[in-house]
Amino acid sequence: MRVVVTRRIPSRGIELLRDAGFDVAVWPGELPPTREELIAFARGADGLLTLLTERIDGSLLDALPTVKVVSNMAVGYDNIDVDACTARGVVVCITPDVLTETTADFTWALIFAVARRVCEAVDNVRRGAWRTWEPLGFLGKDVHSATLGIIGFGRIGQAVARRATGFAQRVLYTDRNPVAPERERELNATFVPPDELLQRSDIVTLHVPLTPETRHLIGARELALFKPSAILINTARGPVVDTEALVDALRVGRLWGVGLDVTDPEPLPADHPLLQFPNVVVTPHIASASEVTRQRMAELAAQNLISALHGECPPRSLNWDAVRGRTV
Ligand code: NAP
Ligand code: GLV
């Protein structure tokens, strides 16, 4: 069987696929293949190991009718039209859990970078502008004892909450449903409606998937509810925040600081208005990028692909039941 990997990925993933006896073709470019390039490269493939940069929809699958499995090396799957896959009998797999802790770590990296103005201070030193100890220089916001508001209290949201206990924070969260009371107690977290969370939090962090319901979840109306002293962190997906509304809010000083690992558009052009604000820290979608975690993601994506192509229930599939009529 032939499988196509749409970019170079950590070696363990490729080794597992080759050890399973597949003919493995890896897209060699540093940038993702265009749609036309992908169709040409993947012609005749039985399975695809994709990244979040590839749009997998009905028309792509119709152009690649031999594909039976799409294994995304990501937990987010907004790049995949799962219904279109199911309708064509294509199994879809993702890589949850293995990246939860690393993504939560990075969320905290952004919280600290913004609250304590780390990037501005580093730039200052690099520019040779460090002249003395300044009693009024780079004053930031305390992270300890702040109220942390978590929107989307799933795997990553809860892992972020667990770290908050070490900083003596009050944790508010909102989700479609509250978690079990024991879990709330364990994480010292209180369920509140979304507007109350925005009004009360010093730091708001987003951990929902991108869906039609969460697109522009944070828009002009919501930004107007933030405390002017608040910080917004987004490590979920760029379009969860309305970028235009965010730029407008920053222009009138509606937010104290913003940390974004994901943006809309992505990548963010260097001349984008967001990058003109010194209180905005943007990183290039790297929250899961630790050496160990990327190996684990590649391994899980490969295991998913191998199982599904062998007709076995993959470790993490979204539609195995629907496609194969078996119990996951
Ligand atoms: P998860 O465990 O599914 O958690 C997502 C949570 O959001 C769930 O509790 C879900 O509730 C909730 N939710 C869904 N729609 C909502 C809505 N409309 N309003 C309120 N809450 C809603 O997923 P995860 O593993 O934590 O990952 C979350 C997201 O993080 C991924 O989808 C991905 O986009 C992003 N991510 C980004 C990076 C990065 O590199 N920056 C890395 C990893 C993940 P239900 O359970 O009811 O659906
Ligand atoms: C990364 O953004 C992921 O969804 O895994």
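Nothing fancy with the numbering, it's 1 onward along the sequence. Every heavy atom of this structure was used, including side-chain atoms; hydrogens, water molecules and symmetry mates were not. Read the numbers this way: they start at 1 and go in the same order the structure lists the ligands and their atoms. All values derive from a computational prediction rather than experimental measurement.
Residues D78 and R215 are not paired through a salt bridge, judged by the lack of any N-O separation under 4.0 Å between the basic side chain and the carboxylate. By the 4.0 Å N-to-carboxylate-O rule, R18 lies too far from E15 to be salt-bridged with it. Looking at D195 and R221, a side-chain N of the basic residue comes within less than 4.0 Å of a carboxylate O on the acidic one, giving a salt bridge. Checked for salt-bridge contact, E101 and R163 meet the test: a charged N lies under 4.0 Å from a carboxylate O. The pair K227-D202 meets the salt-bridge criterion, since a charged nitrogen lies less than 4.0 angstrom from a carboxylate oxygen. The pair D46-R2 does not count as a salt bridge, with every side-chain nitrogen at least 4.0 angstrom from each carboxylate oxygen. Taking a cutoff of 4.0 Å between a charged side-chain nitrogen and a carboxylate oxygen, D62 and R88 qualify as a salt bridge.
For atom 26 (O) of ligand 1, the closest non-hydrogen atom of the protein is I156 N, 2.9 Å. Of the protein's non-hydrogen atoms, the one nearest atom 14 (C) of ligand 1 is P209 CD, 3.5 Å. Regarding atom 5 (C) of ligand 1, its nearest protein heavy-atom neighbour is H207 O, 3.5 Å. The single protein non-hydrogen atom nearest to atom 37 (C) of ligand 1 is T235 O, 3.0 Å, given as residue, atom name and distance. Counting protein heavy atoms only, atom 4 (O) of ligand 1 is closest to G154 CA, 3.3 Å.
Every atom of ligand 1 with a heavy atom of H285 under 4.0 Å away is listed here by number and element: 39 (C), 40 (O), 41 (N). The ligand atoms of ligand 2 that sit less than 4.0 angstrom from a heavy atom of H285 are 1 (C), 2 (O). Counting the atoms of ligand 1 from 1 in the order shown, those under 4.0 Å from a heavy atom of G152 are 7 (O). Of all atoms in ligand 2, listed by their number and element, those nearer than 4.0 Å to a heavy atom of L99 are 5 (O).
The shortest distance between side-chain heavy atoms of L38 and T6 falls below 4.5 Å.
At least one heavy atom of T214 sits less than 4.0 Å from an atom of ligand 1. Judged by the shortest distance from any of its heavy atoms, S288 lies inside the 4.0 Å radius around the atoms of ligand 1. In this structure, R237 counts as a contact residue of ligand 2, since one of its heavy atoms falls inside 4.0 Å of the ligand.
Atoms CD1 and CZ, on I203 and F112 in that order, are 8.0 Å from each other to the nearest 0.5 Å. Atom CG in L232 sits 6.5 Å away from atom CG in L260 (nearest 0.5 Å).
Looking at ligand 2, you won't find any N or O of A74 less than 3.5 Å from one of its N or O atoms. In terms of polar-atom proximity, defined here as any N/O pair under 3.5 Å, V75 does make such a contact with ligand 2. Note: no N/O pair closer than 3.5 Å links T211 and ligand 1 by distance alone.
Residue nearest to atom 1 (P) of ligand 1, selected from R237, R155, Q158: R155 (by heavy-atom distance). Among L217, T107, V208, the residue whose heavy atom lies closest to atom 29 (C) of ligand 1 is V208. Of the candidates G76, P212, P96, A236, the one placing a heavy atom closest to atom 35 (C) of ligand 1 is A236. Considering only non-hydrogen atoms, atom 44 (C) of ligand 1 lies nearest to V75 out of N234, V75, L52.
Under 4.0 Å from ligand 1, heavy atoms of D175 appear from its side chain as well as its backbone. Residue-level proximity to ligand 2 for L52 is carried by the side chain, the only part with a heavy atom below 4.0 angstrom. Residue-level proximity to ligand 1 for Y77 is absent, since no heavy atom of it falls below 4.0 angstrom. In R176, the parts holding a heavy atom less than 4.0 Å from any atom of ligand 1 are both the side chain and the backbone.
For Q303 and R316, the side-chain atoms include no donor-acceptor pair closer than 3.5 Å. With 3.5 Å as the limit, one finds no donor-acceptor pair spanning the side chains of T50 and R7. Using modelled atom types and a 3.5 Å distance limit, the side chains of S59 and R35 yield a donor-acceptor pair.
Around atom CD of E244, no more than 12 heavy atoms belonging to other residues, nucleotides or ligands sit under 6.0 Å away.
Checking atom 46 (O) of ligand 1 against the protein gives no heavy-atom contact under 4.0 Å.
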